[in-house]
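Have a look at the structure below, then the notes.
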Amino acid sequence: MRTRFAPSPTGFLHLGGARTALFSWLYARKHQGEFILRIEDTDVERSSQEAVDAIIDGMNWLGLDYDEGPVFQMQRMARYQEVIQQLLSEAKIYKCYCSKERLEKLREMQMANKEKPRYDGRCRNLVEEAEGEPFVLRFKTPLQGSVIFDDLVKGPIEVNNAELDDLIIQRTDGTPTYNFTVVVDDLDMNITTVIRGDDHINNTPRQINILLALGVIPPQYAHVPMILGQDGKRLSKRHGAMSVTQYREDGYLPEAMLNYLVRLGWSHGDQEIFSKEEMISLFDLQDVNRAPAAFNTEKLQWLNQHYLKTESPDYIAGLLAKHLQMIKVDIANGPELILVVNALRERSKTLVEMAEKAACFYQDKVVYDVKAADKFLNEDILPVFEFLHVQLQNIIDWNEDSIGAVFKLSLETFNLKMPKLAQPLRVALVGSTQSPGISTTLHLLGKDKALHNISQALDYLKVL
RNA sequence: GUCCCCUUCGUCUAGGGGUUAGGACACCGGGUUUUCAUCUCGGCAACAGGGGUUCAAAUCCCCUAGGGGACGCCA
């Protein structure tokens, strides 16, 4: 079993491409086959090395490793020429001298007549060659019959050859076109299963005809539906036609991305969470949906939090470090990252969010949320803070138990209910009313910083 | 316009002749709780429409509507 992912390097790896790659990869891995990366760069104008790098970066991030490639089509020109010569000698393709202008007019006329625009085959039976005139090479599509193929996702599809025209396989400049190079490559690479977006369904009969002309058995095809944006419309820049690696920047784990992607158009009963191993063993093209699926950020976030909660704290800490660096938080002076992860993983949907919440443990000054300070930092709490400051200072072994004991003593001394003290203290310690458990927060801050922050609050309270 | 593909809660989906049409996200409410979360319990919510076939249709067939794609010397 051999599958391939064949993007054209004209942009980054977006969601749709990533999912197609994932399905191809899963199918190959499931059957202990090979997965090949092929770069379709015959459109020299629009292809770029940056795009190649971006695609590979995206695949690496998701862990979609390939067994062969990247194979570049531009490096296979000699081979395409060879096949073209063969087809030419067998009269299965022909030179067409029709100008672009003529083709343009033809198309307009056909549209006006409410016909499907297609080449009329004028040069198909030309007896004499026009020496020195520019020409393209066209494939002689069978005039009769139809192409039938059994799509692994969509089921049987039949297209009448009469619907097809003689497609161009080589341009005036001598370069081969997409429908031709795909066929030659899939053939040479022994691709057994072509998995791609269903926008290629229309190309499939043409490609099968070429394969048949070459005298070979076509591979199996599996056309997976497109991914739609949040609004159910085609993916656009706003909501997902962005690079998958943007999600890495936005604080998503590759595990979550992969899990989200695999469930978009594929399912296994009621199961929502899949490890990579489970995906591989459970995946099957039979279970891929035929209808397009809309992208939904909420579910991705839920999955992301799930993996933040369940992956090893060590792993999360490593990623969190990068995100803290991005927002210029120096983690040299502050708690161990793993402790922070444990305190925040249940209250963060992304690493970006976690980094924002973690920042307060590493900063020298507390910046108060105005509303929170107005509500909770008032003179009533001043004596409590003073007491707390002294008591905390006396702690020798700074841990959650000893801190908890001091906290309890403070509550008893001033006859306060837990929230009456916890909330003002939160504001004093981290600036907002939201934080991990109060003992944990104090512990994470460390004795020095905790006392320092309470002092800062006392100063603030005294000038009120 | 022509051809191709698609249609189950708002979203992702299960279900392939007999189901109170199931799960998940989101949303709403209860519980736990020290805030926010987590966790937990419950609720809301769908077979696009119309014809057939059948004792019985979400499920099979046809039509209509709606959505998407293709119709390039792009891939």
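What you see below is based on every heavy atom in this structure, not just the backbone, and it leaves out hydrogens, waters and symmetry mates. Below, read A as the first sequence line, B as the second, and so on, with proteins coming before strands; counting in each chain starts at 1. Everything quoted here is computed from the prediction, not taken from an experiment.
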Look at all strands and tell whether A/P436 reaches a base, only sugar-phosphate, or nothing, counting heavy atoms closer than 4.0 Å.
base

Atom-to-atom span, CZ of A/F149 to P of B/C4 - whole angstrom:
12 Å

What pairs meet the side-chain hydrogen bond (donor to acceptor under 3.5 Å, both in side chains) rule with one or both residues in residues 281-290 of chain A, with sequence neighbours excluded?
none

So, is A/K309 near the phosphate of B/C39, with a side-chain N or O under 4.0 Å from OP1 or OP2?
yes

Base-pairing mate for B/G1 - Watson-Crick or G-U, with both contacts under 3.5 Å
B/C71

Return the value, rounded to whole Å, for the distance between atom CZ of A/R347 and atom P of B/A37.
10 Å

Contacts of A/H306 that satisfy side chain to side chain donor-acceptor pair (under 3.5 Å) - sequence neighbours left out:
none

Give the B/S/- string for nucleotides 60-75 of chain B, one per nucleotide from 5' to 3', where a protein heavy atom under 4.0 Å of the base yields B, of only the sugar-phosphate yields S, and otherwise -.
---------BSBSBBB

Once side chain to side chain donor-acceptor pair (under 3.5 Å) is applied, do any residues pair with A/K92, and if so which ones, sequence neighbours excluded?
A/E90

Per-nucleotide protein contact string for nucleotides 16-30 of chain B, where B marks a base within reach and S marks sugar-phosphate only (heavy atoms under 4.0 Å, - for neither)
------BBBSS----

Residue pairs meeting salt bridge (charged side-chain N to carboxylate O under 4.0 Å, His left out), one or both in residues 200-210 of chain A, sequence neighbours left out, come to A/D165-A/R206

Spatial distance of atom CZ (A/R19) from atom OG (A/S24) [nearest 0.5 Å]
10.5 Å

